[in-house]
Amino acid sequence: MPSMNPDGFEISFLSDCYSSNGRFNKNGFDLNRNFPDVFEENTDPTQPETQAVMDWIQTESFVLSANFHGGAMVASYPYDNSYTTPPDNDVLKYLAELYSKNNNKMYSGGDCSDTIGFSNGITNGAAWYKVRGGMQDYNYIYGQCIEITLEVSCCKYPEASTLQGFWNDNKVSVIEYMKQIHMGIKGQVLDMHGIPIQNAIVDIQGRQRICPYRTNKNGEYYLLLLPGTYTFNVTVLNKSLVQNITIQKSLNLSAMTYNFHFGEKTGNPTQTTSEPCSLHEAGNSSSTIQVCLVTLFLRTLLVLWLHTL
């Protein structure tokens, strides 16, 4: 998605390089402060652009996400609105540093005053500055997806003549980041007849998420994990399977596959959520599993990138 806010972005071109006008839509709302927030109530009305993205997130089992911004040179990871450590902190830091290492300008701190002091070109979002209602936390918490924010330009709105340079700086990082979709483990949760179970909870000891990870309509789960041994706890209708699984480093761009089999027919449980996850359910008619997307919106820069791949 080249831009979540094309109308507002068009207005921003009338301003200078560091204007923040493009963050606001026609109704005057900053769209990257407009998403539901588990840490702090967001009282702003949900804008049409925000709702469209939230609806889009439900259409596919997206797993890995990145959103591109201008105005700094750093890879930022969740949480944006809490100083607590996210359960996937190791994976998030790994992904942020992988992207930064493949972008020499970002890894060295760039030439923006904003990025001075960022070790290896990465930062925790809240440690930089707290953001209420951002898309990064929303996708990670409610969309059960791994997402980081990539600030790739000191100038918020670079001239079109500089776009090829941005592509040259970020091409390897983008490709290497996308490859990480194959790290970790994937599979299905099945009943005794091999029928997929939707809304099964797939939990990992010591890595409990605010909103439990649930399988999609095909009983599938996708979890990005670094190599190691993990204790999985899969729950369907108060019945649990506990299994220790060792995950090796992927050498062939394919995540480890492991299917969980329940010894009796369980059926598909209706998804039930408790606070705070029900806050999200209230704003959407669908009760299907929340999923994530690769959201790339460095405006027109990404249009050039997609055409040059």
Side-chain angles (χ1 to χ4, degrees), residues 36 38-39 54 57-65 78-79 82 84-92 137-147 181 183-226 228-247 255-293:
V38 73
F39 302 111
M54 291 165 60
I57 288 172
Q58 300 180 59
T59 64
E60 187 72 42
S61 293
F62 298 107
V63 180
L64 180 63
S65 174
Y79 295 121
S82 173
T84 57
T85 301
D88 296 290
N89 193 60
D90 55 346
V91 173
L92 292 163
D137 280 1
Y138 174 84
N139 277 345
Y140 177 54
I141 296 170
Y142 294 121
Q144 59 183 43
C145 130
I146 297 292
E147 170 163 326
I181 195 67
M183 66 184 288
I185 188 170
K186 63 183 179 181
Q188 290 178 288
V189 179
L190 307 166
D191 69 11
M192 62 183 298
H193 300 299
I195 298 175
I197 302 174
Q198 183 179 7
N199 291 328
I201 295 176
V202 181
D203 199 8
I204 301 177
Q205 183 177 319
R207 303 176 75 94
Q208 287 82 4
R209 298 186 178 192
I210 293 175
C211 294
Y213 188 99
R214 294 178 180 270
T215 55
N216 64 14
K217 64 182 179 181
N218 298 314
E220 299 167 336
Y221 72 94
Y222 303 89
L223 295 172
L224 303 186
L225 295 167
L226 297 177
T229 299
Y230 301 89
T231 300
F232 285 73
N233 188 347
V234 181
T235 304
V236 177
L237 297 177
N238 297 321
K239 298 180 177 66
S240 294
L241 288 178
V242 178
Q243 181 71 47
N244 290 330
I245 301 175
T246 297
I247 298 174
M256 175 182 178
T257 300
Y258 190 94
N259 296 330
F260 294 94
H261 295 267
F262 278 79
E264 57 185 84
K265 187 173 182 180
T266 60
N268 287 321
T270 301
Q271 178 172 343
T272 58
T273 56
S274 58
E275 298 290 350
C277 300
S278 59
L279 294 175
H280 175 64
E281 293 293 315
N284 295 273
S285 57
S286 174
S287 63
T288 59
I289 188 170
Q290 302 305 303
V291 293
C292 192
L293 64 157

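Throughout, residue positions are numbered sequentially from 1 according to the sequence presented.
- Looking only at distances, a side-chain donor or acceptor of Tyr213 sits under 3.5 Å from a matching main-chain atom of Tyr222.
- Between Pro196 and Gln188 the shortest heavy-atom distance is CG-NE2, 3.9 Å.
- Under the side-chain hydrogen bond (donor to acceptor under 3.5 Å, both in side chains) criterion, Asn244 pairs with Thr231, not counting sequence neighbours.
- Residues satisfying the side chain to side chain contact (heavy atoms under 4.5 Å, CB included) criterion with Ser240, sequence neighbours excluded, are Asn233, Thr235.
- Nearest heavy-atom pair across Ile210 and Pro212 is O-CD, 3.9 Å.
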Run the numbers on Val63 and Ile146 for side chain to side chain contact (heavy atoms under 4.5 Å, CB included), then give the verdict.
CA-CA 6 Å; Val63 180; Ile146 297 292; 6.0 Å; no

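- Heavy atoms only, all atoms of each residue included: Phe39 and Ile141 are closest at CE1-CD1, 3.7 Å.
- By the side chain to side chain contact (heavy atoms under 4.5 Å, CB included) test, Pro86 is found to be paired with Tyr79, Asn89, Leu92, Tyr140, residues two or more places apart in sequence or in another chain being considered.
- Rounding to the nearest 0.5 angstrom, the gap separating the CE atom in Met54 from the OH atom in Tyr138 is 3.5 Å.
- Take Asn218 and apply the side chain to side chain contact (heavy atoms under 4.5 Å, CB included) test, not counting sequence neighbours, and it matches Asn216, Glu220.
- Lys186 contributes atom NZ, which lies 10.5 Å from atom CG of Asn259 (distance to the nearest 0.5 angstrom).
- Atom CG of Asn139 sits about 11.0 Å away from atom CD of Gln144, to the nearest 0.5 Å.
- The salt bridge (charged side-chain N to carboxylate O under 4.0 Å, His left out) search around Asp88 returns Arg207, Arg209, not counting sequence neighbours.
- Judged purely by atom type and a 3.5 angstrom limit, Gln208 uses its side chain to pair as donor or acceptor with the backbone of Gly206.
- Scanning all heavy atoms of the two residues, the minimum distance from Ile197 to Thr215 falls at O-OG1, 2.7 Å.
- Remark: Lys217 NZ to Asn199 CG distance equals 12.5 Å, nearest 0.5 Å.
- The side chain to side chain contact (heavy atoms under 4.5 Å, CB included) search around Ile185 returns Tyr221, Leu223, Leu225, Phe232, Ile245, Ile247, Met256, Tyr258, not counting sequence neighbours.
- Each of Ile201, Leu241, Val202 was checked for a side chain to side chain contact (heavy atoms under 4.5 Å, CB included) with Val189, and the lone residue meeting it is Val202.
- Here Phe260 contributes atom CZ and Gln243 contributes atom CD; the two are 7.0 Å apart, rounded to the nearest 0.5 Å.
- Take Thr246 and apply the side-chain hydrogen bond (donor to acceptor under 3.5 Å, both in side chains) test, not counting sequence neighbours, and it matches Thr229.
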